[in-house]
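Quick notes on the structure that follows.
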Amino acid sequence: MTDPKTSLQNFNIKEFQNDLLTWYYANKRDLPWRRTNDPYKVWVSEIMLQQTKVDTVIPYFYNFIEQFPTVYDLANAEEQEVLKAWEGLGYYSRARNLQHAVREVVERYDGKVPSKPKELEGLKGIGSYTKGAILSIAFNQPEPAVDGNVMRVFSRVLNIDDDIAQAKTKKLFETLTREVISHEDPSSFNQAIMDLGATICTPKSPTCLLCPVQEHCRAFDLGVEQQLPIKSKAKKNKTQSYAVLLIENEQGEIGIEQRPEEGLLANLWQYPMVPLEENSIEKIEEWIYSNHGFTIKLGKKQGELKHVFSHLTWNLDIYTALLIEDNIKNKNIKFVPKQELINYPFPVSHLRMKQYI
DNA sequence: AACGCGGGGAC
DNA sequence: GTCCCAGCGTT
């Protein structure tokens, strides 16, 4: 475990800050959430940006702020509307936690986003990074906001070889950032590190020749920037196979089911899925009857679809089917007109099945 | 500390 | 194919 005191010996903090900030003021990216100081909008952007690239977030951010311009609009919205606005962005618990937290801000803090670390920390979906990001960016407090960029940049600049996949390493970088962060402009300092990590100090092939803090970088000096940061491997994922049924009733409506309120793709809607591990194709109709209480006639296979999550892979066989007897007992399944499907939040894998409807 | 949780883009 | 992205909540 690296000792933070030792790491900062002979490191010129003041010159590092000056070189970094001078570069940032001249080169900072023009991003939608940088055109406001509204803590709510900063908050929304930070939640969307968790594990998600800037280019992916931008259109979602515009749409979300247009639809929910204030904490009150979001607090008063239906959860399904919020999930629909989040559709395709992934990690859907972010959206539900954000709305939950915003409702708490309305009730407990008179609609004002809190500016105290302890208060922010208590809000659903706000962890150590997002807390620091809001405090520094929206309230200009010298708090660390340590994400993957910060760990990569500082592991190189200070030549730190601790495993960034481990929790204690993040705490090390928070301690280091507290020492190095600018107290004159903490907002710009944190965002400058992130811009640097996103555009120059990239994971592979960093463009050190253009780096504003190259002369402060110990990894560059030693020629080991490509070997840092150290990150232990993630374990490989598992595969699950399902039949997905596009069930049509006599009125031409399509059957959809809502997923459980916890776990993968919580509360989103999908076309009914039948696990295929032990169920041969012949048993699909029987499985539907015993699990959902209605009878179907299985139609032709329409195609296959492979969908890769970060931790598992779905192999989906897509079938059409006809509803024969509709005494449905499962409240999570309902039949809706085709033109109303667009009102429901679907996972991307099921959005792709629209072509077979 | 380890794991579940989406989806996309770069290579 | 692999990696990783402005991470967090739960166990």
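Per chain, numbering begins at 1; letters A, B, ... match sequence-line order. Every value quoted in this text rests on a predicted model; they were computed, and no experiment measured them.
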Quantified in whole Å, what is the P atom distance between nucleotide B:dC3 and nucleotide C:dA6? 24 Å
Can you tell me how far C1' of B:dG4 sits from CG of A:Asn237, to the nearest Å? 12 Å
For DNA chain C, which residues of residues 33-60 of chain A approach it to below 4.0 angstrom with any heavy atom? A:Trp33, A:Arg34, A:Glu46, A:Leu49, A:Gln50, A:Gln51, A:Lys53, A:Val54
Once you round it to whole Å, what is the distance between C1' of C:dC5 and CZ of A:Arg152? 9 Å
Determine whether more than 12 heavy atoms belonging to other residues, nucleotides or ligands lie under 6.0 Å from atom CG of A:Asn63. yes
A:Phe346 CZ - B:dG7 P separation (whole Å): 13 Å
Would you mind classifying the nucleic acid contact of A:Arg96 as base, sugar-phosphate or nothing, using non-hydrogen atoms under 4.0 angstrom? nothing
note: A:Arg259, atom CZ; B:dC5, atom P; distance rounded to Å ~ 9 Å
A:Glu261 CD to C:dG9 C1', in whole Å, measures 16 Å
Which of parallel (below 30°), tilted (30 to 60°) and perpendicular (above 60°) describes A:Phe16 and A:Phe154? tilted
Option from A:Phe64, A:Phe61, A:Tyr60, A:Tyr62 for which ring pair (Phe, Tyr, Trp, His ring centres under 6.0 Å) with A:Trp33 holds: A:Phe61
Name the nucleic acid region contacted by A:Lys306, choosing base, sugar-phosphate or nothing; use a 4.0 angstrom heavy-atom cut-off, strictly under. sugar-phosphate
Would you call the rings of A:Phe346 and A:His350 parallel, tilted or perpendicular if under 30° counts as parallel and over 60° as perpendicular? parallel
Looking for any heavy atom pair under 4.0 Å, which part of the strands does A:Ala167 touch: base, sugar-phosphate only, or nothing? sugar-phosphate
Could you state the atom-to-atom distance from CG of A:Leu123 to C1' of C:dG9 in whole Å? 14 Å
Compare side-chain N and O positions of A:Thr130 against OP1 and OP2 of C:dC8 and report whether any pair is under 4.0 Å apart. yes
Mind checking if A:Leu31 touches a base, just sugar-phosphate, or nothing, with heavy atoms under 4.0 Å? base
At under 4.0 Å, does any side-chain N or O of A:Arg94 touch on OP1 or OP2 of B:dG6? no
For A:Gly88 and for A:Lys204, find the nucleotide of DNA chain B with the closest heavy atom, then tell me which residue's nucleotide is more 5'. A:Gly88
Shared hydrophobic cluster for A:Leu158 and A:Val180 (ILVMFWY, side-chain gaps under 4.5 Å): yes
Identify whether any heavy atom of A:Gly263 sits under 4.0 Å from a base atom; if not, whether one sits that close to sugar-phosphate; answer base, sugar-phosphate or nothing. sugar-phosphate
A:Tyr129 OH to C:dC5 C1', in whole Å, measures 12 Å
Are OP1 or OP2 of C:dC8 and a side-chain N or O of A:Lys170 less than 4.0 angstrom apart? yes
Identify which nucleotide among C:dT10, B:dG6, C:dA6 has an atom closest to any side-chain atom of A:Leu264, counting heavy atoms from C-beta outward. B:dG6
Span that lies between the P atom of B:dG6 and that of C:dT11, in whole angstrom: 16 Å
Is A:Glu121 salt-bridged to A:Lys131, cutoff N-O under 4.0 Å? yes
State plainly whether the residues A:Asp162 and A:Lys168 are in salt-bridge range, i.e. N to O under 4.0 Å. no
How is A:Lys238 classified with respect to the nucleic acid when contacts are heavy atoms under 4.0 Å: base, sugar-phosphate, or nothing? nothing
Would you mind classifying the nucleic acid contact of A:Tyr91 as base, sugar-phosphate or nothing, using non-hydrogen atoms under 4.0 angstrom? base
When you check the gap from the basic side-chain N to the acidic O, do A:Glu184 and A:Lys14 get nearer than 4.0 Å? yes
Euclidean distance, atom CG of residue A:Leu351 to atom C1' of B:dG6 [Å, nearest integer]: 12 Å
Answer yes or no: does a side-chain N or O of A:His311 lie under 4.0 Å from OP1 or OP2 of B:dC3? no
For A:Ser205, answer base if it contacts any base atom (sugar-phosphate contacts may also be present), sugar-phosphate if it contacts only those atoms, and nothing otherwise; contact means non-hydrogen atoms under 4.0 Å. nothing
Looking only at atom P, what distance separates C:dC8 and B:dG8, rounded to whole Å? 22 Å
Do the ring planes of A:Trp314 and A:His307 sit parallel (below 30°), tilted (30 to 60°) or perpendicular (above 60°)? tilted
